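This structure is a prediction, so every number in the text was calculated from the model and none was measured.
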Amino acid sequence: QVQLVESGGRLVQAGGSLRLSCAASRNILSFNTMGWYRQAPGKQRELVATLTTGGITTYVDSVKGRFTISRDNAKNTVYLQMNSLKPDDTGVYYCNGRDRITDYWGQGTQVTVSS
């Protein structure tokens, strides 16, 4: 059984900062890639950021320079630091872990950015 549990989402003012956490029930290095996705109501889920076991990161253009994905291997936790938040960042943020067999998903955490 593999579980990913997100936390840290809340209501914030535009321009503010927030850090999301994703706690995994197994060694996060057992995933080829971990990442964050988000989905706003009425929109498709989109990739926000990814981090490979080798340390390669990717970001969607709209968050480059504002968001940072990182990890603490000892804590089996992946983070998403979000700065200079905008209303368009509003959505449910999901943690994802991918190995060679399966994609695993958390339940999501709500981020709401007010104008």
Disulfide bond (SG atoms under 2.5 Å apart) contacts in which one or both residues fall within residues 34-89, not counting sequence neighbours: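 Every pair satisfying disulfide bond (SG atoms under 2.5 Å apart) with a residue in residues 34-89: there are none.
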Pairs flagged by disulfide bond (SG atoms under 2.5 Å apart) wherever residues 31-79 is involved - sequence neighbours left out: none
For [X], check side-chain contact (heavy atoms from CB on, under 4.5 Å) against everything at least two apart and list the hits.
{"X": "Pro87", "value": "Ala14, Val113, Ser115"}
{"X": "Lys64", "value": "Tyr59, Asp61"}
{"X": "Asp103", "value": "Asn96, Arg98, Trp105"}

Partners meeting ring pair (Phe, Tyr, Trp, His ring centres under 6.0 Å) with Phe31 (sequence neighbours left out): Tyr104
Partner set under ring pair (Phe, Tyr, Trp, His ring centres under 6.0 Å) for Tyr94, not counting sequence neighbours: none
Euclidean distance, [Y] [atom2] relative to [X] [atom1], rounded to 0.5 Å:
{"X": "Asn32", "Y": "Leu51", "atom1": "CG", "atom2": "CG", "value": "12.0 Å"}
{"X": "Thr109", "Y": "Leu80", "atom1": "OG1", "atom2": "CG", "value": "11.0 Å"}
{"X": "Ser30", "Y": "Arg100", "atom1": "OG", "atom2": "CZ", "value": "12.5 Å"}

Check: Thr58 and Thr50 side chains under 4.5 Å, non-hydrogen atoms: yes
Residues forming a side chain to side chain donor-acceptor pair (under 3.5 Å) with Asn73, sequence neighbours excluded: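 With neighbours one apart ignored, the set is Arg71.
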Sequence neighbours excluded, every pair satisfying salt bridge (Lys or Arg N to Asp or Glu O under 4.0 Å) that has a member inside residues 12-38: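 Those involving residues 12-38 are Arg26-Asp99, Arg38-Glu46, Arg38-Asp89.
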All pairs passing ring-ring contact (aromatic ring centres under 6.0 Å, His included) where residues 60-91 contributes a residue, at least two apart: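 Not a single pair qualifies under ring-ring contact (aromatic ring centres under 6.0 Å, His included).
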Cluster link Val92 to Leu18, ILVMFWY, side chain under 4.5 Å: no
Verify same cluster id: Ile28, Tyr37 (apolar side-chain graph, 4.5 Å):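 Shared cluster, no.
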What heavy-atom pair brings [X] and [Y] nearest, and what distance separates the two atoms?
{"X": "Lys43", "Y": "Gln39", "result": "O-NE2, 3.1 Å"}
{"X": "Leu20", "Y": "Val111", "result": "CD2-CG2, 4.0 Å"}
{"X": "Ile69", "Y": "Thr57", "result": "CG2-CG2, 3.9 Å"}
{"X": "Met34", "Y": "Cys22", "result": "CE-SG, 4.3 Å"}

By salt bridge (Lys or Arg N to Asp or Glu O under 4.0 Å) - contacts of Asp72 (at least two apart): none
Residues 3-13 side chain polar contacts: donor-acceptor under 3.5 Å, at least two apart:
unit_1 : atom_1 : unit_2 : atom_2 : d
Glu6   : OE1    : Gln107 : N      : 3.0
Glu6   : OE1    : Gly108 : N      : 2.9
Glu6   : OE2    : Cys95  : N      : 2.7
Glu6   : OE2    : Gly108 : N      : 3.2

Pair Asn76-Asn27, side-chain contact (heavy atoms from CB on, under 4.5 Å): steps then yes or no: CA-CA 6 Å; Asn76 288 329; Asn27 185 358; 3.8 Å; yes
